[in-house]
Number of protein chains: 2
Amino acid sequence: MSKIAALTDHLGYWLRQVSNHVSQSFARKLAAEDVTVAEWVLLRVLYDEPSMAPSRIAETMGFTRGAVTKLADRLIAKDLVVRAADPEDGRAQTLALTAKGRQCAPKLAALADQNDAECFGYLTNHDRRALRQILEDIVARLALDSIPIE
Amino acid sequence: MSKIAALTDHLGYWLRQVSNHVSQSFARKLAAEDVTVAEWVLLRVLYDEPSMAPSRIAETMGFTRGAVTKLADRLIAKDLVVRAADPEDGRAQTLALTAKGRQCAPKLAALADQNDAECFGYLTNHDRRALRQILEDIVARLALDSIPIE
DNA sequence: TATTGTTATACTCTATAACTATA
DNA sequence: TATAGTTATAGAGTATAACAATA
């Protein structure tokens, strides 16, 4: 006879609590600009490229191609993104920011800055660096795990 | 003219990456037992109490009452939870684990242990403790923020 | 045959609000 | 009037698979 683990015994639990709060706080800020968190990610990815294929975006963002299509449809409806045919490959499409999308990005980035400051600003520099380093290490490890064994 | 923040400049981004991966990994394990992450949380909360009112559960889990009702409906359909009327207050209901629910909980707790070990086991003890301490501090701070100013 | 992208479907989670019954 | 809980609705995110067009 033994006691079973409590919810609070798992790092995953604490991570979920904090991450959900931070993301929801960010989502509320973005909602004022009529943008969701996933839409912001796609806009930010496109901000660094003149144009990008949906399949490459899906790979970069860790989304499925279907999800990128749906996301792009919404952003196109808001005139933040344009879809164009690839002249070299009849199957391929490319996505790019519109002028409005490019103009909108800095405002959204400022909201992301503000949200991070509100959620983590009171931490010491030491704790912020430690948290970031551990999280980056975990992500790097995940990337390794997803590489097929040679 | 200035560059705007990258996705990777925000702690919220790294937190979301890791938390989503950990939760999805856990969800896949729970799916083998036909349980979702939110259902596990409710089951685990009920495991420590003979019975509990939906409103108290909602408060404890940070869910709305409507969400608890829907979650409870699913768990009742799976014969893991029972709903009963409160004899003292005609408006009130109580939720409790069934024998099957109580029997199921340790297996689910073991999956939670396993998932945490897989996701964080390779970290040093120092890093695991540091991560947990920082996350708990942030949650404590959130709890403070949600208390109305006197 | 394989690949690119879209479309369709479905389910979880989350949030809001209307509603019923009781206090 | 206020409270407890349910019900209805909706949108976001995620996943899978079927599909059309092209390679």
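Letters A, B, ... mirror the listed sequences (proteins, then strands); counts begin at 1.
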Quiz prompt | Side-chain donor/acceptor of B/Asp116 to backbone N/O of A/Gly12, under 3.5 Å | solution = yes

Exercise. May I ask you to say what A/Ala27 touches in the nucleic acid, namely base, sugar-phosphate or nothing, with a heavy-atom cut-off under 4.0 Å?
Key: nothing

Quiz item: Hey, does the side-chain of B/Lys70 have a donor or acceptor N/O within less than 3.5 Å of a partner on the base of C/dT12?
Solution: no

Self-check item: Most 5' of B/Ala38 and A/Gly66 on DNA chain C, judged by nearest nucleotide
Solution: A/Gly66

Quiz prompt | Most 5' of A/Asp73 and A/Ala92 on DNA chain C, judged by nearest nucleotide | solution = A/Ala92

Quiz item: So, is B/Gln24 near the phosphate of D/dG13, with a side-chain N or O under 4.0 Å from OP1 or OP2?
Solution: no

Quiz item: Hey, are A/Glu118 and A/Lys29 close enough for a salt bridge, meaning a charged N less than 4.0 Å from a carboxylate O?
Solution: yes

Exercise. Using heavy atoms to find the nearest nucleotide of DNA chain D for A/Gly62 and B/Val68 separately, return the residue whose nucleotide is more 5′.
Key: B/Val68

Quiz prompt | Of A/Gly90 and A/Arg65, the one whose closest DNA chain D nucleotide lies more 5' | solution = A/Arg65

Self-check item: Other residues, nucleotides, ligands: >12 heavy atoms within 6.0 Å of A/Gln133 CD
Solution: yes

Quiz item: Looking only at N and O atoms, is any donor in the side chain of B/Arg91 or the base of D/dG5 less than 3.5 Å from an acceptor on the other one?
Solution: no

Quiz prompt | Sidechain-backbone polar pair: B/Asp9 side chain, B/Ala6 backbone, donor-acceptor under 3.5 Å | solution = yes

Quiz item: Does a nitrogen or oxygen in the side chain of A/Arg74 sit under 4.0 Å from OP1 or OP2 of D/dG13?
Solution: yes

